[in-house]
Amino acid sequence: MTTEQPFKISIRDEDITLLKQKLNLSRLPDELDEAGWAYGVPLEDVQRLLARWKGGVRLEKYEAELNTLPMFTRDVEIDGFGALNVHFVHQKSEVEGAIPLLFVHGWPGNFIEVRKVLPLLTSSSADQPSFHVVALSLPGYGFSEAPSKKGFTGPQYAELGNKLMIALGYNEYVTQGGDWGHLRTTTDPFYIAAVQATQQPSTSFFAQSVWPAHTSPFLSKTPAQPQPMHAMEIDSRSVLVGAHGMFDR
């Protein structure tokens, strides 16, 4: 499909039944006395997690909650790998002149990382910029198709993200990458692949097409006064609010 298609999560009943069967058949090992975390996850924590999944997780509830997100899929042609069907969240801001933002999740992670910060990023505020947000599922993660050939690395991830943004009408945009997403959006392969994909000279591309920025919510300091958005700056307060929201589960 060459255009974006609306997407809803719909887990098959037989898959849920199979999951419950596997959980009920789980056999947990013993552990050394007072081992703590020295040899991996403590047995007590694994038992608690297993019990939660066996009796406390209402999958249909979370499926319905996630389906409130504006999700889509679209085929993206990658040089040497053919077309991959890519899943993504696409939420536009109502603010005129909002900044397009490519949001790339980390590992282990998925598109759900954007869920709680989405209203903050797209809202209108006199103190911070507003964004048109595109949060994709990296190939092989979530509901995005995985490549079937070897060699799909940094440049291919970059090509995919850049071509998706251009297909959505965003020829200029900023990026946000967490963990693995940071490596995909701020390293040299990203620039090289994106430049090749758009066929723009590198001398103008860096200043006009992609503005990489990486801010650690644990290392950055909150500015005393509101600051404007520049090519290489994102107000760390927005990142802090997002991080607190993501970890509040």
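Residue numbers start at 1 and run along the sequence shown.
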Q: Would you say that I99 contacts Y173 through its side chain, given a criterion of any heavy-atom pair below 4.5 Å between the two side chains?
A: no
Q: In chain order, what residues pass the ring pair (Phe, Tyr, Trp, His ring centres under 6.0 Å) check against H90, with sequence neighbours excluded?
A: Y170
Q: Does E4 reach the main-chain N or O of F72 with its side chain, forming a donor-acceptor pair under 3.5 Å?
A: no
Q: Over all heavy atoms of both residues, which pair between P70 and Q91 is shortest? Give the atoms and the distance, please.
A: CG-OE1, 3.3 Å
Q: Is D75 salt-bridged to K163, going by a charged N under 4.0 Å from an acidic O?
A: no
Q: Are the side chain of S144 and the backbone of S137 linked by a donor-acceptor contact shorter than 3.5 Å?
A: yes
Q: Could you check whether any side-chain heavy atom of V89 comes within less than 4.5 Å of a side-chain heavy atom of V133, counting everything from C-beta outward?
A: no
Q: Do the two ring centres, one from Y157 and one from F152, sit under 6.0 Å apart?
A: yes
Q: Any side-chain heavy-atom pair from V86 and L160 closer than 4.5 angstrom?
A: yes
Q: Identify the two heavy atoms, one from T3 and one from Q5, that lie closest to each other, and give their separation to 0.1 Å.
A: OG1-NE2, 3.1 Å
Q: Show every donor-acceptor pair shorter than 3.5 Å between a side-chain atom in residues 14-21 and any protein atom, with sequence neighbours excluded, or say none if there are none.
A:
residue, atom, partner, partner atom, Å
D15, OD1, R12, NH2, 3.0
D15, OD2, R12, NE, 3.0
D15, OD2, R12, NH2, 3.4
T17, OG1, D13, O, 3.1

Q: Could you check whether atom NZ of K22 has more than 12 heavy atoms from other residues, nucleotides or ligands sitting under 6.0 Å from it?
A: no
Q: Ring-plane angle category for H87 and F143, please: parallel below 30°, perpendicular beyond 60°, tilted otherwise.
A: perpendicular
Q: Using every non-hydrogen atom in the two residues, find where F81 and K149 come nearest and quote the distance to one decimal.
A: CE2-O, 3.6 Å
Q: To check you understand the geometry: which heavy-atom pair defines the closest contact between L43 and E31, and what is its length?
A: N-OE1, 3.1 Å
Q: Verify, without hydrogens or angle tests, whether S93 (side chain) and T122 (backbone) share a donor-acceptor contact under 3.5 angstrom.
A: yes
Q: More than 12 non-hydrogen atoms from neighbouring residues, nucleotides or ligands closer than 6.0 Å to CD on E60, yes or no?
A: yes
Q: So do T175 and V104 actually touch side chain to side chain, heavy atoms under 4.5 Å?
A: no
Q: L101 vs V134, test: side-chain contact (heavy atoms from CB on, under 4.5 Å). Steps then yes/no.
A: CA-CA 6 Å; L101 168 65; V134 177; over 6 Å; no
Q: Please confirm whether the backbone N or O of N67 pairs with a side-chain atom of K8, one donor and one acceptor, at under 3.5 Å?
A: yes
Q: Has the side chain of E63 got a donor or acceptor atom that lies under 3.5 Å from a matching backbone atom of I11?
A: yes
Q: Side chains of F111 and L69: does their closest heavy-atom pair fall under 4.5 Å?
A: yes
Q: So do the side chains of T73 and E145 get within less than 4.5 Å of each other, counting heavy atoms only?
A: no
Q: Are H105 and I112 close enough, and set up right, to give a side-chain contact (heavy atoms from CB on, under 4.5 Å), and what steps lead you there?
A: CA-CA 8 Å; H105 63 79; I112 299 176; over 6 Å; no
Q: Could you check whether any side-chain heavy atom of P147 comes within less than 4.5 Å of a side-chain heavy atom of Q156, counting everything from C-beta outward?
A: no
Q: When you measure from the side chain of N162 to the backbone of A158, do you find a donor-acceptor pair of N or O atoms at a distance under 3.5 Å?
A: no
Q: According to side chain to side chain donor-acceptor pair (under 3.5 Å), does anything in residues 35-57 pair up with another residue at least two apart or in another chain? List the pairs.
A: D45-R48, R52-Y62
Q: Any donor and acceptor pair, going by atom type alone, linking the side chain of E159 with main-chain N or O of D79 inside 3.5 Å?
A: yes
